[in-house]
Amino acid sequence: MSAIDEYLDRLLADLHGSPKTVRRILTEAENHLREKAEALEREGSTPEDAECEAVSQFGSAEMVARAFGRIGVKDFVHPGLVLGAVGFLAIALSGLLAEAMGRIWGAGFVAGDLPGTTYTPARCSEFTEYFPGRSCLEAAAMHHWGEVVQYRVAAAVLGLACLAALRFVRRRTYLPATFVPIAGAALFGLAAIVLLGDALNSATQGGNGIGASLSAGIIAAFAAGHYTFSTWRAVRRPLVSR
């Protein structure tokens with residue numbers, strides 16, 4: 001198979017859209033490539049070298065597919081599932097970190113109430129029923145700590161569901177390769193700023209409940225750092241290639 005035929009096969013695999021659009025793009029690409037190859041042959045290149053040079057000058061199949069394609073809702077499905085999977089698994093991981101913080105520094109560090117918080121006798125009775133021998137505020141902190149950990153760890157189910165769904169979703173998209181890293185860096189970066197800011201606010205008011213936001217903020221910051229590095233690497237790769 002000639003270099004042009006191999007290139008057209010790769011382009012066909014990267015294209016998606018209506019049959020009419022795909023046929024038009026393939027026809028235009030083939031005409032351009034063959035005209036360029038013929039011109040190179042007239043300049044003295046061998047047929048094989050002329051086709052290889054024509055393909056090289058035309059650009060990668062992935063780049064051409066993106067240039068001709070139109071971004072639609074379907075293009076966001078795969079990236080959305082990737083970000084969703086990472087997000088839900090990050091929440092679950094923050095739940096495990098909150099569990100560790102509670103065991104080391106106590107339930108109040110993770111889910112204690114701010115100074116001045118009070119509960120009705122009926123509500124206190126509910127808390128102490130689950131944790132007998134504890135004061136109302138201590139029992140409330142134990143209860144809230146359990147909820148923080150359980151609800152976050154349960155998010156792992158949604159993360160695994162997103163990963164499972166990725167097996168049935170086509171990965172091809174007209175979105176740039178930097179879309180997921182940039183979106184991840186922005187979303188997790190914003191979450192880290194908000195959560196760590198809330199943890200700092202709790203610290204200035206006595207330190208109770210700091211662990212809930214701190215555990216989530218730490219995981220969000222790590223995820224933001226990972227995606228920031230991935231963005232830098234994705235942007236740098238074509239520069240190095242050139």
Side-chain angles (χ1 to χ4, degrees), residues 14 16 62 66 71-112 130 140-203 209-237:
D14 287 333
H16 60 89
E62 181 183 8
R66 286 176 179 165
I71 296 176
V73 175
K74 292 182 179 179
D75 292 281
F76 293 92
V77 175
H78 189 279
L81 286 173
V82 171
L83 291 171
V86 175
F88 286 125
L89 292 176
I91 292 172
L93 189 57
S94 76
L96 296 178
L97 183 56
E99 171 74 11
M101 287 179 171
R103 291 187 179 277
I104 296 172
W105 294 298
F109 179 81
V110 176
Y130 290 109
M142 294 288 291
H143 181 268
H144 298 331
W145 174 40
E147 288 183 335
V148 168
V149 174
Q150 291 169 11
Y151 290 156
R152 291 186 184 180
V153 172
V157 176
L158 296 176
L160 294 175
C162 289
L163 289 177
L166 284 171
R167 297 175 59 88
F168 305 98
V169 176
R170 298 173 69 182
R171 188 172 184 176
R172 291 186 300 172
T173 174
Y174 288 139
L175 293 171
T178 54
F179 176 80
V180 169
I182 290 176
L187 292 173
F188 283 107
L190 179 61
I193 292 172
V194 172
L195 291 166
L196 294 177
D198 186 62
L200 180 62
N201 180 60
S202 297
I210 185 176
S213 296
L214 182 62
S215 58
I218 290 174
I219 300 301
F222 271 105
H226 164 73
Y227 276 122
T228 299
F229 177 72
S230 297
T231 300
W232 174 80
R233 204 168 49 169
V235 170
R236 181 175 177 270
R237 187 179 297 116

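Values below: every heavy atom of this structure, side chains too, minus hydrogens, waters and symmetry copies.
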For Ala192 against Gly217, the heavy-atom pair lying closest together: CB-O, 4.0 Å

Heavy-atom closest pair, residues Arg152 and Ser94: CD-OG, 3.3 Å

Validation row: Phe222, Phe188 side chains within 4.5 angstrom (heavy atoms): no

Under 3.5 Å donor-acceptor, Trp145 side chain and Ala98 backbone: yes

Test applied, side chain to side chain contact (heavy atoms under 4.5 Å, CB included); reference residue, Phe88; option that passes from Leu158, Val157, Leu83, Leu93: Leu158

Test side-chain contact (heavy atoms from CB on, under 4.5 Å) applied to Phe109 and Leu214, step by step: CA-CA 10 Å; Phe109 179 81; Leu214 182 62; 4.3 Å; yes

Minimal non-hydrogen separation, Ile91 against Ala155, with atom names: CG2-CB, 3.7 Å

From OG1 (Thr228) to CD1 (Ile182), nearest 0.5 Å: 10.0 Å

Validation row: Val149, Val153 side chains within 4.5 angstrom (heavy atoms): yes

Nearest heavy-atom neighbours spanning Gly189 and Ala224: N-CB, 3.5 Å

Heavy-atom closest pair, residues Ala85 and Gly159: CB-O, 3.8 Å

Check: Tyr227 and Val86 side chains under 4.5 Å, non-hydrogen atoms: yes

From Leu81 atom CG to Phe76 atom CZ, the distance as rounded to the nearest 0.5 Å: 13.5 Å

Distance (rounded to the nearest 0.5 Å) between Glu99 CD and Gln150 CD: 9.0 Å

Exam field: side chain Ser215 to backbone Ala212, donor-acceptor pair closer than 3.5 Å: yes

Side chain to side chain contact (heavy atoms under 4.5 Å, CB included), paired with Val77, selected from Val169, Val82, Leu166: Val169

Residue pair Ile218 / Met101, side-chain heavy-atom distance below 4.5 Å: yes

Euclidean distance, Leu200 CG relative to Leu196 CG, rounded to 0.5 Å: 9.0 Å

Closest heavy-atom pair and its distance - Pro79, Val180: CB-CG2, 3.6 Å

Reported CD1-to-CG distance for the pair Ile219 and Leu96, which is rounded to 0.5 angstrom: 8.5 Å

Distance (rounded to the nearest 0.5 Å) between Tyr130 OH and Met142 CE: 14.0 Å

